[in-house]
Amino acid sequence: MLGGMISDLEAGDEFEPIRYTVTSLMTSEYAHGVEETGEWFLSDNNPLGRQVRIPLMIHADKMRLLEVNCPKEARLSGVRGPDARVHYEYHARHRSPAYVGEELVVTGRILDRYIKRERVYLHYQMEVHTADGRLVTEYTDRTLLKYRP
């Protein structure tokens, strides 16, 4: 169920989309954070002549979706629940680059919620498009809720 905690999400839940404009700072800082040194992500000094959003930013997109759709969780604000979650498995298909200055629209939904070996998993599906509709990234993710060693 949307509007609560991440652990409240159920199969079929459709996230409220988010929109944001890619900035040079967010792109270069994310690139530095993952030790990506390619000029593609750090400046306009590359063969395309425009700074490209680093594809790994799909993970930040997921966090943005969860922040908006699970307000009781407030993950980006620093509130943490009693049990850890594990970003278990993901697949990203990057269909086209997104550039600094473009507005992106991130949509998503919960495909499944299931139990395996007495542990609860969520299976997400997301897409990132430019504001004019060009597909940037298709993404699926499996998250283990309430990880306990």
Side-chain angles (χ1 to χ4, degrees), residues 1-38 40-42 51-149:
M1 175 174 60
L2 298 174
M5 303 283 282
I6 293 169
S7 59
D8 296 332
L9 295 172
E10 300 171 352
D13 284 345
E14 295 270 344
F15 293 120
E16 176 185 329
I18 58 164
R19 299 174 84 91
Y20 70 95
T21 301
V22 179
T23 68
S24 179
L25 179 64
M26 74 172 55
T27 300
S28 61
E29 287 302 307
Y30 203 100
H32 286 301
V34 297
E35 299 181 359
E36 174 56 65
T37 59
W40 296 93
F41 312 115
L42 300 175
Q51 187 178 357
V52 178
R53 170 187 177 264
I54 187 166
L56 287 173
M57 287 179 71
I58 186 66
H59 302 294
D61 294 338
K62 178 184 169 190
M63 295 304 295
R64 284 188 169 117
L65 268 182
L66 292 172
E67 182 80 2
V68 167
N69 289 277
C70 302
K72 292 181 182 175
E73 188 86 18
R75 296 278 299 176
L76 296 180
S77 302
V79 177
R80 305 250 191 296
D83 299 303
R85 281 182 287 282
V86 175
H87 177 73
Y88 184 67
E89 171 185 62
Y90 78 92
H91 297 280
R93 289 184 182 92
H94 303 290
R95 301 300 188 179
S96 65
Y99 300 99
V100 166
E102 286 190 301
E103 183 180 22
L104 299 183
V105 180
V106 183
T107 59
R109 66 188 179 108
I110 301 296
L111 294 175
D112 197 10
R113 179 188 176 109
Y114 60 94
I115 297 173
K116 181 177 177 182
R117 296 185 188 150
E118 300 179 20
R119 294 182 175 169
V120 179
Y121 292 80
L122 287 177
H123 186 192
Y124 298 78
Q125 178 183 29
M126 293 171 37
E127 287 187 348
V128 180
H129 290 84
T130 58
D132 63 4
R134 179 172 41 85
L135 179 61
V136 174
T137 304
E138 297 170 305
Y139 176 88
T140 58
D141 176 289
R142 291 183 200 278
T143 298
L144 169 60
L145 300 179
K146 297 185 179 181
Y147 172 74
R148 293 187 181 119

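Fair warning: this is a prediction, and the values are worked out from it, not measured in the lab.
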Is N69 reaching over with its side chain to a backbone N or O of E16, donor-acceptor style, under 3.5 angstrom? yes
Short question: side chain of D141, backbone of Y90 - any donor-acceptor pair under 3.5 Å? no
Please report the shortest heavy-atom distance between [X] and [Y], naming the atom on each side.
X	Y	value
A98	V136	CB-CG1, 4.0 Å
D112	A11	CA-CB, 3.9 Å
P97	V52	CB-CG1, 4.0 Å
S24	Q51	OG-OE1, 2.7 Å

Less than 4.5 Å apart, any side-chain heavy atom of [X] and any of [Y]?
X	Y	result
M57	T27	yes
I6	T143	no
V128	Y139	no

Rounded distance [0.5 Å steps], [atom1] in [X] versus [atom2] in [Y]:
X	Y	atom1	atom2	value
H123	T140	NE2	OG1	4.5 Å
L56	D61	CG	CG	11.0 Å
E10	M1	CD	CE	7.0 Å
R117	L144	CZ	CG	11.5 Å

Scan for ring pair (Phe, Tyr, Trp, His ring centres under 6.0 Å) pairs involving residues 92-120, sequence neighbours excluded, and state none if there are none. Y114-Y121
Stepwise side-chain contact (heavy atoms from CB on, under 4.5 Å) check, V106 with R64: CA-CA 9 Å; V106 183; R64 284 188 169 117; over 6 Å; no
Report the residues that fulfil side-chain hydrogen bond (donor to acceptor under 3.5 Å, both in side chains) with [X], sequence neighbours left out, ordered by chain and then residue number.
X	result
R19	E103
R113	none
E89	R142

Could you walk me through whether E102 and R53 pass the salt bridge (charged side-chain N to carboxylate O under 4.0 Å, His left out) test, one step at a time? CA-CA 10 Å; E102 286 190 301; R53 170 187 177 264; over 6 Å; no
Partners passing side-chain contact (heavy atoms from CB on, under 4.5 Å) against E138 (at least two apart in sequence or in another chain): R93, R95, E127, L135
Under the side-chain contact (heavy atoms from CB on, under 4.5 Å) rule, collect the residues that match up with E36, sequence neighbours excluded. A31, V34, F41, I54
Has K62 got its NZ or CZ under 6.0 Å from the middle of the six-membered ring of Y124, at an angle within 45 degrees of the ring axis? yes
Before giving the answer on side-chain contact (heavy atoms from CB on, under 4.5 Å), spell out for H32 and L42 the whole-Å C-alpha distance, their side-chain angles and the decisive distance to 0.1 Å. CA-CA 9 Å; H32 286 301; L42 300 175; 3.8 Å; yes
Dump the intermediate steps for side-chain contact (heavy atoms from CB on, under 4.5 Å) on L9 and L2, then the final yes or no. CA-CA 6 Å; L9 295 172; L2 298 174; 3.6 Å; yes
The single option from T137, I18, V22 that satisfies side chain to side chain contact (heavy atoms under 4.5 Å, CB included) with L104 is V22
